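A quick write-up on the structure given underneath.
In what follows, chains carry the letters A, B, and so on, assigned in the order in which the sequence lines appear, proteins first and then strands, with residues in each chain numbered from 1. Keep in mind the model is a prediction, meaning the values are calculated, not measured.
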Amino acid sequence: MSDGLAIVVTALLVATATGLLGPFLVLRRQALMSDAVSHAVLPGIVLVFVLFGTRAPLPVILGAGVFAVLCVLAIDAFRASGLVRSDAAIGLVFPTLFALGVIGINTFASGAHIDLDATIYGEIAFSPFRTTEVLGVEVARSIPILGAVALVNLVLVAALWKELKVTTFDPEFARTTGFAPRLVSRLLLLAVAVTAVVSFESVGAILVVTMLIVPAAAARMLTDRLAPMVAVTLAIGWASAAGGYATAVELDASIAGAMGMIAAGAFAAALLLAPRHGVLARLAQRRRARRRVAAALASGRPSRP
Amino acid sequence: MGRLIDLLPLSYTNAVVLVGAVVLGVTAGVLGAFAVLRERSLIGDALSHAALPGVAIAFLFTGAKDATSLGAGAAIACVAAAVLIVLIERTGRLRPDAAIGAVLAGFFSLGIVLLTYLANFNNANQAGLDQYLFGQAAGLLERDVNVMAALCAASLLAVAVAFRPLKTTLFDPQFAASAGLPVRTIELAMTAMLVVAVVVGIRTVGAILMVALLVVPTVTARQLADRLGVVLVLAGVVGAAVGGAGALVSQSAELPTGPVIVLCGFGVATAAVLLAPRRGVLWLARRRLADRRRRLVEGVLVDLETALHAGPPPTARELALAGGRPPRAVARALRHLDRAGMLTRDGDRVLLSETGAAAAHALLERRELWSLWLEHGWRLALPDAREPDPTDVRASLGDDVVERLRALAVAGGPEAGR
């Protein structure tokens, strides 16, 4: 398997795993959960290093995973108290966990070189070099791992489609008709936490954060229904992964950064050009309405839409 | 500021950091309120990530890592990001969190691409540019503190002068626009002030910790007050207290300043969410518990009065059976009544003391009044339309009205009241 193909497949799997969850986060006003998790895992990494003196991937992922779960559950608890909105809850919890991590580094590990870039914040360009054998074929380790995560997310979203939909759009109705909005919300957040931590290690935090938010935000501009929104999210994610790799090779720039740029470009295009909700469409609608009113005033008859 | 720093009984460096932390706390507290109340709490997060491409572009132009030009680059990028966030929100299709997230991811990706570009085509001098984003409070200079104090004073003054338009725009932009306020200008000015606070704060406590400094004071103040003016003042006070306390603790414990400030802030905000009167989670739980106990005790009191009325004094067990309550709950209620001097015991049989009987009668009268109100209250012509408190109709309506209510009940059906 060539290096380029391994990188693109890895990125496609990340785009799939995140694209299945991103639309729900955007619709539930929790888009920044991924960024919160990316910072909140720091104390987990530090703790593993202090206790076991290791930066091996598996213990680091476990330590980070514990704090990612802690982070999303704490945010959910603040939000569920009804006293703090979900954005403020995120802003309370993740800087605190990050601060714990910084203090930990400062106190116990200032001598050791424990760097965010070097531990969990992986780099997608290196993914082809860390290989493993699957059924006698040597492939990049990130591919089976991320494939499993994407599959789990697919099963989760498919199995809980109705529950996710109703609790996202009308939690009160969901509660009165016997769904469990808190449980569904926690399951979704746990899936986000696990997906984020596992993907950080393979492709780096910023790509995961970007892929969880930007394609879903672009899809929100383009669609009005949930199923098409998820489909468009996945399509934009895949296009950014493939297009980003080509651009990065062309410009000799950071692969994750280039994929993020393509996704951001897709978002900007959707924002401006979306047929019904885009900025230009809105301007045109407003101009038509103004002209109609002017014409009606001139003719002296009431305007009709 | 110089004189204030000299007055403090601390070493010069520590005094500078303390004053800086307090000033930053006030600024972030007051300006943060305008972000948190608009669901834009995490705008600080986006701005601090958005600074990266600004820093990279500034370096691209000047080729030098000097604080002024890098700071200017960061500030310009932050302003661009903030304006973009406001514009994206204005399309009405995306909530603030998605707008913030998209801008954060886009700018940071651009920043990374620019950094790799610099690494490829420039010398190795660019190394450490991204470290600019991680602040160092210990490296704070008196000059920085003076700048911060001036910005703080200017933004507080602006908030005080424009309080009313700011408030209207914050809570009801549509009304503000129809009342002729320049909503877009006000919103941009508000965002610009926030950018100033964030850019200043990044240098002091670092990018991520700045997020908490914007959020903590308002979350805390919001649990304690309902009016914007009070929330703003409280947020300023909480910000100053958290900044000051964090700086002092970090100095005595020899820990990094920013993280300790954030931990202090988290403690304060969590305490407010748990304990705030009339709102806190634990406060409400305690009141619910007290309510439940009061209902139980009152129920047992009435059961006992009824039993005494009907026959010989009951035992605790008979009382539980008569009321259909768990025996342990009845025993608990009886202990409570005993402590209040409402019971006399005759072996294992219970009787009401004089105060107990009086309390039971008062309670029954209150209940009777409520059912009278439900049945006949609609026929009373009252000066206002308030519903009385179900547990105490007499106190909410007055003796006079209660007498009229009783008269209506005695007279019988609706016709008699006319």
Side-chain angles (χ1 to χ4, degrees), chain A residues 25-27 29-32 34-36 39 78 81 83-96 98-103 106-107 206-207 209-214 216-218 220-221 248 251-254 256-261 263-265 267-268 271 274 277-279 282, chain B residues 36 39-42 44-46 49 87-88 91-102 104-117 120 206 208-216 218-219 222-223 255-256 258-263 265-266 269-270 272-273 276 279-281:
Chain A
L25 290 182
V26 166
L27 291 171
R29 308 184 185 183
Q30 292 175 329
L32 287 158
S34 52
D35 187 53
H39 296 300
F78 268 109
S81 77
L83 300 171
V84 183
R85 290 223 194 100
S86 76
D87 60 319
I90 293 175
L92 277 180
V93 172
F94 89 84
T96 306
F98 188 76
L100 279 178
V102 173
I103 289 179
N106 218 275
T107 315
I206 183 62
L207 185 60
V209 173
T210 309
M211 286 291 191
L212 265 172
I213 304 175
V214 180
R220 174 87 181 122
M221 298 302 300
L251 297 179
D252 192 15
S254 151
M259 289 174 178
M261 291 293 300
F267 171 72
L271 187 70
H277 307 293
V279 173
R282 289 274 169 118
Chain B
V36 175
E39 297 185 44
R40 286 183 196 152
S41 304
L42 294 165
D45 194 18
H49 285 86
L87 289 180
I88 292 174
T91 63
R93 194 69 185 153
L94 291 169
R95 309 290 316 174
D97 64 308
I100 289 171
L104 179 158
F107 272 66
F108 202 70
S109 298
L110 176 66
I112 291 176
V113 170
L114 285 173
L115 281 187
T116 47
Y117 175 79
N120 290 339
I208 289 125
L209 308 180
M210 188 62 209
V211 174
L213 218 48
L214 288 173
V215 175
V216 161
T218 304
V219 167
R222 189 64 193 81
Q223 307 311 321
L255 289 170
V260 175
I261 292 179
V262 171
L263 291 184
F266 181 74
T270 311
V273 167
R279 203 171 312 188
V281 174

## Note on the structure
Between B:S41 and A:D87, the two heavy atoms sitting closest are OG-OD2, 2.7 Å

### Message
At a 4.5 Å cut-off on heavy atoms, which part of B:L110 comes close to chain A: side chain, backbone, both, or neither?
### Response
both

### Message
For A:G278, is there any backbone N or O sitting under 3.5 Å from a side-chain donor or acceptor partner on B:R93?
### Response
no

### Message
Once side-chain hydrogen bond (donor to acceptor under 3.5 Å, both in side chains) is applied, do any residues pair with B:R40, and if so which ones, sequence neighbours excluded?
### Response
B:E89

### Query
How long is the span from the CD1 atom in B:I100 to the CG atom in A:L32, to the nearest 0.5 Å?
6.0 Å

### Task
Tell me, for A:L92 versus chain B, whether the close heavy atoms (under 4.5 Å) come from the side chain, the backbone, both or neither.
both

### Message
Please identify, among A:S81, A:A36, A:G260, A:S254, the residue contributing the most non-hydrogen atom pairs under 4.5 Å to chain B.
### Response
A:S254

### Message
On a heavy-atom basis, which atom in B:S109 and which in A:I206 lie closest, and how many Å separate them?
### Response
OG-CG1, 4.4 Å

#### Entry: Shortest non-hydrogen contact from B:V36 toward A:A88
CG1-CB, 4.2 Å

### Query
So which of B:V219, B:V262, B:L94, B:L255 has the biggest tally of heavy-atom pairs under 4.5 Å with chain A?
B:L94

### Task
Just give me the residue among A:R29, A:H277, A:M211 that pairs up with chain B most often, heavy atom to heavy atom, under 4.5 Å.
A:R29

### Task
Might you point out which heavy atoms bring B:V215 and A:G91 nearest each other, and give the distance in Å?
CG2-CA, 4.1 Å

### Message
Any non-hydrogen side-chain atom of A:F94 less than 4.5 Å from a side-chain atom of B:L42?
### Response
yes

### Task
Check A:A31 against B:D97 and note the closest heavy-atom contact, atom names and distance.
N-OD2, 2.9 Å

### Query
Of all of B:A102, B:A99, B:G106, B:A276, which one pairs up most often with chain A through heavy atoms under 4.5 Å apart?
B:A102

### Query
Checking heavy atoms, do the side chain of A:R282, its backbone, both or neither come under 4.5 Å from chain B?
side chain

### Query
Can you name the closest pair of heavy atoms from B:V113 and A:G257 and give their distance?
CG2-C, 3.4 Å

### Task
Could you tell me whether the side chain of B:T91 reaches within less than 4.5 Å of the side chain of A:M221, counting heavy atoms only?
yes

### Residue pair B:V273 / A:F78, side-chain heavy-atom distance below 4.5 Å
yes

#### Entry: Contact origin within A:L27 toward chain B - heavy atom pairs under 4.5 Å
neither

### Task
Examine whether an atom of B:R279 lies under 4.5 Å from a heavy atom of chain A, and if so say whether it belongs to the side chain, the backbone or both; otherwise answer neither.
both

### Query
Non-hydrogen atoms of chain A under 4.5 Å away: do they reach the side chain of B:Q223, the backbone, both or neither?
side chain

#### Entry: Minimum side-chain heavy-atom gap A:F267-B:I88 below 4.5 Å
yes

### Message
Within this structure, what is the CZ-CE distance for the pair B:F107 and A:M261, rounded to the nearest 0.5 Å?
### Response
10.0 Å

### Task
Identify which part of B:V281 has an atom lying under 4.5 Å from any heavy atom of chain A, answering side chain, backbone, both or neither.
both

### Proximal component of A:R85, with respect to chain B [non-hydrogen, under 4.5 Å]
side chain

#### Entry: Note, A:I103 side chain near B:L263 side chain (heavy atom, < 4.5 Å)
yes

